[in-house]
Amino acid sequence: MDPSPGATPYSAPAGCPMHQQQTSLYGPEFAADPHRVYDTFRAHGPAAPIELAPGVDATLIVQHEAALRVLQNPALFARDSRRWAALREGAIPMDSPVLPMMMYRPNCLFTDGAEHLRLRKAVTESLARLNSSRVSRDVERIADYLIDQFIERGSADLLNEYAKLLPLLLFNQLFGCPGDIGDRLTRSMSAIFDGEDVLRANAELTECLMELVALKRRQPGEDITSWLIQHPAGLRDEELKDQLVMLMGAGVEPERNLIANALLLMLSGDQPGGHDHRGGHERRGSGMLVEDALDDVLWNNPPIANYATHYPVRDIELDGVVLKAETPVLISFAAANSDPSLTDARQTLSKGAHLAWGAGPHVCPAKSPATLIALTAIEKILNTVPDLSLAVPASGVAWRPGPFHRALVALPVRFTPTAARRSPATAQPPAPTSAQLSDPYRNAAPQPGAATRHAVEPAKKQKGWWSSFLDVFRV
């Protein structure tokens, strides 16, 4: 049934200090110390009212056991956001920065039942055709290209110049994108993740992916796009486009945060106060194995902290909290992982207990390749630039505001400059993105005329990252 007029999506127990207060998850205060907020929420019950963006209310599940009950019960908690009453009734601004991550698309993230099974089967069986050796080789080649752009400087921002760009370029490779389509895909996905001009970015994303689908129907190759087209599920063009959106969305933002957060952990080991560890796990620093650093991040700073939006099919009581029908209910993977009830599992960082990959019928289908990509990318940069060190105190790094992710603003490092291994004589990399130009750790102002994302196109079109990479490697 629909919530009553004026009702919030959450009914807190009487006496709860948050009974009439919603906490914003998109401001800098939350980004600076989210675990303090999670601990406060959890002390008063399994769920809490939140605001994801101005005018976008939701409920956040913060206890591990309650999270599993939602994730594993699709009969009561649907994923189809067409059930979202406030959106359906026009109460959500269409230019809200959270809509690209929440609005319905016909992909396996936002579908239920038989339709979800059909789409998920096409995705999982296409992903299963990936060759792990080929993926590792592609990651290393892209990493080499990115490292060459800064290795002669002796300083870099490993978030914006490495961890952010590597998965974007990798998905262009995995999707079989030609240069122009890949440049537009990279630009539009970056804008969506950064909440910049999302209506325009979403339109550009749709346009370039539909072009890619049409191209691959005519000229199939050994890539995920072609494999989805060839799958017996018989996906329509719109469905194909939206599976690609889902794959890139689920693979780029989480991957870049996993890489960057693990690098921060490994580089902060020799600095006092370098990282907030919970549950007694104290191994850290340069002697830490990459695999252990990744597990630590998945427990303590999961790349996607709050997501997996569900919609109760009716009013549902969850341990004394009423979750209103047709309102967004999000899972806090970060809060669930830090639940005190998991003390024993946290002591050993048991891989099976954390929820960073999700659970239930929508559990991440790409856990293995995602782990391989992060592992390869981190090992590559550490082996290529062995004397990496943080350029700022670890406790002073800034975290990017936003309700869904646990993401750094920048990861500034220093190292001994060395010669680039390849000289891209035929192509220069594109101008820095707006995120790089606003890097708070850089004192120099951008040069006049420096390009920013979505700037007016110059008379001579500048190459993007993907076409510049192709010019060097001739993939």
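One-based numbering along the sequence shown.
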Within the distance-only criterion (no hydrogens, no angle test), does the side chain of Asp112 pair as donor or acceptor with the backbone N or O of Asp80 below 3.5 angstrom? yes

What is the minimum heavy-atom distance between Leu99 and Pro93, and which atoms define it? CD1-O, 3.5 Å

Backbone of Leu199 reached by a side-chain donor or acceptor of Asp95 within 3.5 Å: no

Just to verify, what does Leu76 make a side chain to side chain contact (heavy atoms under 4.5 Å, CB included) with, not counting sequence neighbours? Asn73, Val313, Arg314, Ile316

Hits for ring-ring contact (aromatic ring centres under 6.0 Å, His included) against Tyr307, two or more places apart or cross-chain, chain-then-number order -> Phe404

Do Asn337 and Leu355 have side-chain heavy atoms sitting under 4.5 Å apart? yes

Judged by modelled atom types alone, do Asn261 and Asn257 share a side-chain donor-acceptor pair under 3.5 Å? no

With side-chain contact (heavy atoms from CB on, under 4.5 Å) as the test, would you mind laying out the steps for Leu170 and Leu174 before giving the verdict? CA-CA 6 Å; Leu170 178 63; Leu174 297 178; 4.0 Å; yes

For Glu238, check side-chain hydrogen bond (donor to acceptor under 3.5 Å, both in side chains) against everything at least two apart and list the hits. Lys241

From CE (Met246) to SG (Cys108), nearest 0.5 Å: 3.0 Å

Ring pair (Phe, Tyr, Trp, His ring centres under 6.0 Å) pairs touching residues 157-183, sequence neighbours excluded, are Phe171-Phe175

Contacts of type side-chain hydrogen bond (donor to acceptor under 3.5 Å, both in side chains), residue Arg134, not counting sequence neighbours: none

Contact summary for Ala293 and Met266, nearest pair of heavy atoms: CB-CG, 3.6 Å

Locate the shortest heavy-atom distance separating Ala67 from Ala336; write the atom from each residue and the value. CB-CB, 4.3 Å

Could you walk me through whether Leu265 and Asn300 pass the side-chain contact (heavy atoms from CB on, under 4.5 Å) test, one step at a time? CA-CA 11 Å; Leu265 174 62; Asn300 295 301; over 6 Å; no

Donor-acceptor pair, distance only, cut-off 3.5 Å: does the side chain of Trp466 make one with the backbone of Thr186? no

If you take all heavy atoms of Ala58 and Leu52, which pair is closest and at what distance? CB-CD1, 3.9 Å

Would you say that Ser81 contacts Thr309 through its side chain, given a criterion of any heavy-atom pair below 4.5 Å between the two side chains? no

Shortest non-hydrogen pair, Glu204 vs Ser188, comes out as OE1-CB, 3.5 Å

Would you name the heavy atoms of Leu25 and Ile50 that are closest together and state the gap between them? CD1-CD1, 3.6 Å

Whether the side chain of Arg256 engages the backbone of Leu166 through a donor-acceptor N/O pair (distance < 3.5 Å, no angle test) should be reported. no

Restricting to salt bridge (Lys or Arg N to Asp or Glu O under 4.0 Å), what partner residues turn up for Glu222, sequence neighbours left out? none

Can you name the salt bridge (Lys or Arg N to Asp or Glu O under 4.0 Å) partners of Arg137, sequence neighbours left out? none

Rounding to 0.5 Å, atoms OG (Ser368) and CG (Leu130) come to a distance of 11.0 Å

Could you list the residues that satisfy side chain to side chain contact (heavy atoms under 4.5 Å, CB included) with Asp223, not counting sequence neighbours? Lys216, Thr225, Ser226

Measure the CG-CE distance between Leu240 and Met210 for me, rounded to the nearest 0.5 Å. 8.5 Å

Sequence neighbours excluded, which residues qualify as side-chain hydrogen bond (donor to acceptor under 3.5 Å, both in side chains) partners of Arg400? Glu253

Flag the pair Pro167 / Ile373 as yes when at least one side-chain heavy-atom distance between them is below 4.5 Å, and no otherwise. no

Can you say whether the rings of His116 and His362 are parallel (under 30°), tilted (30 to 60°) or perpendicular (over 60°)? tilted

With sequence neighbours excluded, tell me which residues meet ring-ring contact (aromatic ring centres under 6.0 Å, His included) with Tyr26. none

Any side-chain to backbone donor/acceptor pair from Glu207 onto Ala203? Under 3.5 Å, distance only. no

Measuring only between side-chain heavy atoms, which start at C-beta, is Arg105 closer than 4.5 Å to Val245? yes

Ignoring hydrogens and geometry, is there a side-chain-to-backbone donor-acceptor pair from Gln63 to Ala335 under 3.5 Å? no

With side chains defined as the heavy atoms from C-beta onward, is the minimum distance between Pro106 and Glu115 less than 4.5 Å? no

Side chains of Tyr38 and Asn306, donor plus acceptor under 3.5 Å: yes

salt_bridge(Asp144, Arg141) N-O dist < 4.0 Å: no

Would you check if the side chain of Asp157 reaches a backbone N or O of Leu411 as a donor-acceptor pair within less than 3.5 Å? yes

Would you indicate whether the side-chain heavy atoms of Asp292 and Asp296 approach each other to under 4.5 Å? no

Charged N to carboxylate O below 4.0 Å: is that the case for Asp39 and Arg42? yes

What's the separation between atom CZ in Arg129 and atom OG1 in Thr124, rounded to the nearest 0.5 Å? 12.5 Å

Applying side-chain hydrogen bond (donor to acceptor under 3.5 Å, both in side chains), name anything that partners Arg83, two or more places apart in sequence or on another chain. none

Beyond-backbone contact of Leu185 with Cys177, side-chain heavy atoms, under 4.5 angstrom: yes

Go through Thr371 and Trp357 one step at a time and tell me if the side-chain contact (heavy atoms from CB on, under 4.5 Å) criterion holds. CA-CA 11 Å; Thr371 303; Trp357 302 110; 3.5 Å; yes

Are Met102 and Pro328 close enough that some pair of their side-chain heavy atoms sits under 4.5 Å apart? yes

Less than 4.0 Å between a side-chain N and a carboxylate O, is that true for Asp180 and Arg184? yes

Determine whether Arg69 and Glu65 satisfy the following criterion, salt bridge (charged side-chain N to carboxylate O under 4.0 Å, His left out), listing intermediate values before the conclusion. CA-CA 6 Å; Arg69 285 166 62 186; Glu65 190 272 337; 3.6 Å; yes

Separation between CZ of Phe77 and CD1 of Ile331, rounded to the nearest 0.5 Å: 8.0 Å

Hits for ring-ring contact (aromatic ring centres under 6.0 Å, His included) against His405, two or more places apart or cross-chain, chain-then-number order -> none

Calculate, to the nearest 0.5 Å, the distance between atoms CD and CD belonging to Glu379 and Glu140 respectively. 9.0 Å

Evaluate the side-chain contact (heavy atoms from CB on, under 4.5 Å) criterion for residues Leu235 and Ile229: first the C-alpha distance (whole Å), next the side-chain angles of each, then the deciding distance (0.1 Å), finally the verdict. CA-CA 7 Å; Leu235 303 184; Ile229 290 171; over 6 Å; no

Are any side-chain N or O atoms of Glu51 and backbone N or O atoms of Gly55, one a donor and one an acceptor, separated by less than 3.5 Å? yes

